[in-house]
Amino acid sequence: MRDSTGPVALPYGLLSRLHQVRSRVAPALRQVVYGGRPSWTREPNTLPWFDQPDALEHVAGADAELLRAWVRDGYVVVDGLVDPADIDAMVATLDGLWDAQAPVPHLVLLDLRDAADAAPRNVAHDEVLAWDGARRARVRAASDWRIHGFHYVDAPARRIFNEPRLRAFASRLFGRPARPFAAINFMKGSRQHLHQDMGVFHIYPHNYLIGAWIACEDVAADSGPLVLHPGSHRAPFFPGFTDYPQTNLRTADDTLAAAYEAYVDDVASRYPREEFIARKGQALFWHGMLVHGGAPVLRTGSTRKSMVLHYTVRGADRAKEVRGPVRW
């Protein structure tokens with residue numbers, strides 16, 4: 001189904017019920033057809049063109065310089081792929097969530113804190129609006145809040161998620177049709193620990209994963225910009241994830257997760273560090289193995305509004321076959 005904003009997203013409630021049904025039926029079917037063997041054990045792990053030893057020999061065309069940078073650095077920055085009006089409309093709705101007249105059904109605000117040193121928690125939008133104004137203001141100021149899947153409930157966010165220019169560029173990088181499958185809206189600097197997105201998602205064949213970080217405002221150096229380590233995508237994957245994509249940060253125990261973080265820190269130390277001081281509307285595409293994170297927020301009260309999309313190719317996201325428990 002489509003409307004004027006692109007593909008129509010199913011309501012959260014219906015999506016949740018469909019997911020529950022699929023989660024029960026799919027493992028049973030795999031057990032009958034394949035004896036329960038995961039799909040990735042039956043398919044070759046053929047890396048994308050840009051991770052092949054002769055990748056640079058295949059770079060040609062008007063965008064050859066961008067493609068060479070992609071192979072070399074693991075990221076590129078592109079202008080003009082997102083409508084500024086959609087960014088403005090989406091950000092206005094996000095900013096207005098704290099004082100909205102009515103709650104957005106099924107919407108959850110993540111990592112809310114009652115004080116800067118309090119434990120973060122995820123809170124439904126209707127609960128946030130039930131707080132008195134003073135508490136809402138206090139929590140908003142103390143929280144590095146974010147939202148997953150805002151495109152399900154907001155038309156401008158959905159247009160960005162489905163933006164053909166973004167998808168076409170990701171497809172050019174993959175060398176085959178790309179599809180968006182995850183979205184996060186950040187309103188402040190994330191301060192995220194260094195990580196690789198391949199350690200968060202369940203992708204097979206390896207490295208068919210691209211992130212796109214879209215600046216929704218001009219980013220200041222003291223507001224916690226995105227941190228990148230160019231070239232780090234060429235480092236080997238963490239050897240402790242021996243049965244990836246089954247085991248990654250989502251499914252690892254605390255000991256293994258800590259070992260992964262130490263490994264990524266060591267990888268980062270061997271590559272240069274850059275901060276992306278973005279201009280509104282710029283899109284930074286990065287390789288799923290590129291080490292990145294969030295710089296410290298040096299100016300209290302500053303924002304760093306962004307939307308992050310992730311792209312893969314048909315069949316490469318194996319999350320539905322992964323056995324729990326999961327961390328998130």
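Just the heavy atoms: all of them, side chains too, but no hydrogens, waters or symmetry mates, feed the values below.
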Residue pairs, two or more places apart or on separate chains, that pass salt bridge (charged side-chain N to carboxylate O under 4.0 Å, His left out) and touch residues 217-234:
D222-R299
Do the side chains of I203 and W286 join up, straight or via other hydrophobic residues, at under 4.5 Å, putting them in one cluster?
no
Passes side-chain contact (heavy atoms from CB on, under 4.5 Å), V308 versus I214? Steps please.
CA-CA 6 Å; V308 178; I214 302 161; over 6 Å; no
Please determine whether salt bridge (Lys or Arg N to Asp or Glu O under 4.0 Å) holds for the pair R270 and D266, giving the CA-CA distance in whole Å, both sets of side-chain angles, and the decisive distance to 0.1 Å.
CA-CA 7 Å; R270 292 182 265 119; D266 178 67; 3.2 Å; yes
How far apart are the C-alpha atoms of E321 and R323, what are their side-chain angles, what is the distance that settles it, and do they pass the salt bridge (Lys or Arg N to Asp or Glu O under 4.0 Å) test?
CA-CA 7 Å; E321 296 184 62; R323 302 182 306 276; over 6 Å; no
With sequence neighbours excluded, what pairs up with H202 under the ring pair (Phe, Tyr, Trp, His ring centres under 6.0 Å) test?
none
Applied to residues 71-89, the salt bridge (charged side-chain N to carboxylate O under 4.0 Å, His left out) test, sequence neighbours excluded, yields D79-R279, D86-R159, D88-K280
Among the clusters formed by ILVMFWY side chains lying less than 4.5 Å apart, do V227 and Y75 turn up in the same one?
no
Contacts satisfying side chain to side chain donor-acceptor pair (under 3.5 Å) that involve residues 53-62 (not counting sequence neighbours) are D54-H58
Is it true that a side-chain atom of R138 and a backbone atom of A115 form a donor plus acceptor pair closer than 3.5 Å?
no
Under the side-chain hydrogen bond (donor to acceptor under 3.5 Å, both in side chains) test, which residues partner Q192, sequence neighbours left out?
none
If the condition is ring pair (Phe, Tyr, Trp, His ring centres under 6.0 Å), which residues does F201 pass it with, not counting sequence neighbours?
F181, H310
Heavy-atom side-chain proximity of Y263 to P236 below 4.5 angstrom
yes
T41 (side chain) donor-acceptor with P38 (main chain) under 3.5 angstrom
yes
Show every side chain to side chain donor-acceptor pair (under 3.5 Å) that has at least one partner inside residues 169-185, sequence neighbours left out.
D63-R172
Ring pair (Phe, Tyr, Trp, His ring centres under 6.0 Å) assessment of W145 paired with W98
CA-CA 12 Å; W145 61 287; W98 295 86; 5.4 Å; yes
For the side chain of R113 and the backbone of A118, is there at least one donor-acceptor N/O pair under 3.5 Å apart?
yes
Side-chain (Y208) to main-chain (G288) donor-acceptor, under 3.5 angstrom
no
Between CG on residue L109 and CD1 on residue I147, distance to nearest 0.5 Å
4.5 Å
Does any non-hydrogen side-chain atom of H193 lie less than 4.5 Å from one of D265?
yes
Counterpart residues, side-chain hydrogen bond (donor to acceptor under 3.5 Å, both in side chains), relative to H233 (two or more places apart)
none
Whether R167 engages the ring of Y311 as a cation-pi pair (distance to the six-membered ring centre under 6.0 angstrom, angle to the ring normal within 45°) should be assessed.
no
Any sub-3.5 Å donor-acceptor pair from R318's side-chain atoms to Q246's backbone N or O?
no
Taken in chain and number order and not counting sequence neighbours, the residues that satisfy ring pair (Phe, Tyr, Trp, His ring centres under 6.0 Å) with F241 are F237, F238, Y260
Interatomic distance, CG@L228 vs CD@E274, rounded to 0.5 Å, equals 6.5 Å
Counting N and O atoms only, with roles assigned by atom type, does the side chain of H125 sit under 3.5 Å from a partner on the main chain of V104, one being a donor and the other an acceptor?
yes
Looking only at heavy atoms, which two atoms of V71 and A55 are closest? And how far apart?
CG1-CB, 4.1 Å
Tell me whether V291 shares a hydrophobic cluster with V76, the cluster being built from Ile, Leu, Val, Met, Phe, Trp, Tyr side chains joined at under 4.5 Å.
yes
Between the main-chain N or O of N248 and the side-chain N or O of T251, is there a donor-acceptor pair closer than 3.5 Å?
yes
What is the minimum heavy-atom distance between P44 and Y204, and which atoms define it?
C-OH, 3.4 Å
Cluster link I87 to F186, ILVMFWY, side chain under 4.5 Å
no
State the CG-NE2 distance between N122 and H148, to the nearest 0.5 angstrom.
8.5 Å
Please go through L47's hydrophobic cluster and name the other residues, only I, L, V, M, F, W, Y counting, with side-chain heavy atoms under 4.5 Å joining them.
none
Output, in order, the C-alpha distance, side-chain angles, deciding distance and verdict of side-chain hydrogen bond (donor to acceptor under 3.5 Å, both in side chains) for H292 and H229.
CA-CA 6 Å; H292 65 285; H229 289 268; over 6 Å; no
If you draw a 6.0 Å radius around CD in E65, do more than 12 non-hydrogen atoms from other residues or ligands fall strictly inside?
no
Out of curiosity, S306 OG to M187 CE, how far, rounded to the nearest 0.5 Å?
9.0 Å
Is the shortest side-chain heavy-atom distance between V219 and F276 below 4.5 Å?
no
Minimum heavy-atom separation for S223 to T303, with atom names?
CB-O, 3.4 Å
Among L209, N207, L173, side-chain contact (heavy atoms from CB on, under 4.5 Å) partner for H287:
N207
Which atom names give the shortest non-hydrogen contact between Y271 and G231, and what distance separates them?
CE2-O, 3.2 Å
I would like to know whether L194 and E261 meet side-chain contact (heavy atoms from CB on, under 4.5 Å); could you show each step before the answer?
CA-CA 7 Å; L194 292 175; E261 291 185 352; over 6 Å; no
Classify the side-chain pair S190/R146 by whether it contains a donor and acceptor separated by less than 3.5 Å.
no
Can you tell me how far CG of D126 sits from NE2 of H106, rounded to the nearest 0.5 angstrom?
10.0 Å
Could you check whether any side-chain heavy atom of L309 comes within less than 4.5 Å of a side-chain heavy atom of H151, counting everything from C-beta outward?
no
Would you mind listing every salt bridge (charged side-chain N to carboxylate O under 4.0 Å, His left out) that reaches into residues 195-208, with sequence neighbours excluded?
none
Checking one residue: L298. Which other hydrophobic residues are in its cluster under the side-chain 4.5 Å linking rule?
none
From L290 CG over to M198 CE, what is the distance, rounded to the nearest 0.5 angstrom?
13.0 Å
Hydrophobic clusters here meaning ILVMFWY residues chained together by side-chain heavy-atom distances under 4.5 Å, can you tell me if L97 and W131 are in one?
yes
Give me the one residue out of R191, K188, R304 that meets side-chain hydrogen bond (donor to acceptor under 3.5 Å, both in side chains) with D144.
R191
Salt bridge or not for D111 and R121, using N-O below 4.0 Å?
no
Tightest non-hydrogen contact, residues M90 and I160, listed as CE-CD1, 3.8 Å
Please give me the minimum heavy-atom distance between A60 and L67, naming the atom from each residue.
O-CD1, 4.3 Å
Any non-hydrogen side-chain atom of F285 less than 4.5 Å from a side-chain atom of L81?
yes
